[in-house]
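Since the structure comes first, as structure tokens, the remarks are kept for the end.
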Amino acid sequence: MPFNTQDTASATGTVFLVGAGPGDPDLLTVKALKLIQQADCLVYDRLVSDEIVALADPAAEKIFVGKKDGYHSLPQNQINQLLIDLASSGKKVVRLKGGDPYIFGRGGEEAEQISAAGIRFQVIPGITAAAGCSAATGIPLTHRDHAQSVKFITGHLKQGDLKHDWHILAQPGQTLVFYMGLNSLGTISAKLIEHGCPPDMPAALVQNGTTVNQRLLTGTLSNIELRCKQAEFASPSLIIIGSVVSLAQTLGSWPDEAETLIQGFSEEFQQVLRAV
Ligand SMILES: C[S@@+](CC[C@H](N)C(=O)[O-])C[C@H]1O[C@@H](n2cnc3c(N)ncnc32)[C@H](O)[C@@H]1O
């Protein structure tokens, strides 16, 4: 049962599906902050930073349901049931999710189950990782001289494969943003080149975007996988592909680890590496 009201403070027995943004607590929306502070119960996952959880009332119940360091996350159906049970007992439940709940956040599935159980719910959008990483690294996702559209794509392999229309993804004039794509970076690069993307198309990885632990690595479709392995990038990382990535050199101020990787070699070999 969706509802829309500005008076979120008086609602009880409700689930708020709240986007926590990409990491930096200052990127929470005002509405998200108010709801976190007023929640009886916070149900949050791995991508929600400790600083954001700490904004809740110390007396509020805090339930971690994400996967971290080998601990398995609660299965999705149990998370859905938990939200329904907590709200049914009259609590104001804030279900905090990294980024935006409706962008690769399984917010749609949770909303369907909560709604089917007759529980009131409201969705509060958050800054998605693509927007956060873009701003934090000086890579505009669209730009009239580079990209007229941007696509948010899952890089998560289903049965070992990515079922995308690679012909469409390889077209010029667009920016591709892959979420959850670190393990399939090699497949993504190879498929795009196979379907006509130039091998020297700029590509970037952003790890822990917008946080103090942010990392940036640029390259091209042909070398980004190798550079990623050399620099040991880890999750959560976002892949941005398109000529907009070249703008990071002028619009960004975050250090690009590609330069560090290259510095260790002779001048001649550095030129080779830059050209690969
Ligand atoms: C399950 S998806 C959740 C996306 C989220 N709902 C959003 O809107 O940003 C997780 C993926 O988001 C990306 N991601 C989330 N936060 C990130 C961050 N701070 N820096 C880089 N990538 C991030 C990574 O690709 C990660 O594998």
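Atoms within a ligand are numbered from 1 in the order they appear, just like the ligands themselves.
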Could you list each N/O atom of ligand 1 together with any protein N/O atom closer than 3.5 Å, one pair per line with the distance?
unit_1   : atom_1 : unit_2 : atom_2 : d
ligand 1 : 6 (N)  : Gly98  : O      : 3.0
ligand 1 : 6 (N)  : Asp100 : O      : 3.0
ligand 1 : 6 (N)  : Ile103 : O      : 2.7
ligand 1 : 8 (O)  : Asp100 : N      : 2.9
ligand 1 : 8 (O)  : Ile103 : O      : 3.4
ligand 1 : 8 (O)  : Thr128 : OG1    : 2.6
ligand 1 : 9 (O)  : Thr128 : OG1    : 3.3
ligand 1 : 9 (O)  : Ala129 : N      : 2.8
ligand 1 : 19 (N) : Pro22  : O      : 2.8
ligand 1 : 19 (N) : Gly209 : N      : 3.3
ligand 1 : 19 (N) : Gly209 : O      : 3.1
ligand 1 : 20 (N) : Gly209 : N      : 2.8
ligand 1 : 25 (O) : Met180 : N      : 2.9
ligand 1 : 25 (O) : Ser237 : O      : 2.7
ligand 1 : 27 (O) : Met180 : N      : 3.4

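- Judged by distance alone, the side chains of Thr220 and Ser222 do bring a donor and an acceptor atom under 3.5 Å apart.
- Listed by chain and number, the hydrophobic cluster partners of Ile127 are Leu27, where partners are ILVMFWY side chains within reach of under 4.5 Å, directly or through others.
- Taking Glu194 as the reference, nothing meets the salt bridge (charged side-chain N to carboxylate O under 4.0 Å, His left out) condition, with sequence neighbours excluded.
- The two residues Leu83 and Val15 come nearest to each other via the heavy atoms O-CG2, 3.9 Å.
- Asn77 and Gln81 share no side-chain donor-acceptor pair at under 3.5 Å.
- Evaluation of the ring pair (Phe, Tyr, Trp, His ring centres under 6.0 Å) rule for Tyr179 yields Phe104, Phe152 as partners, not counting sequence neighbours.
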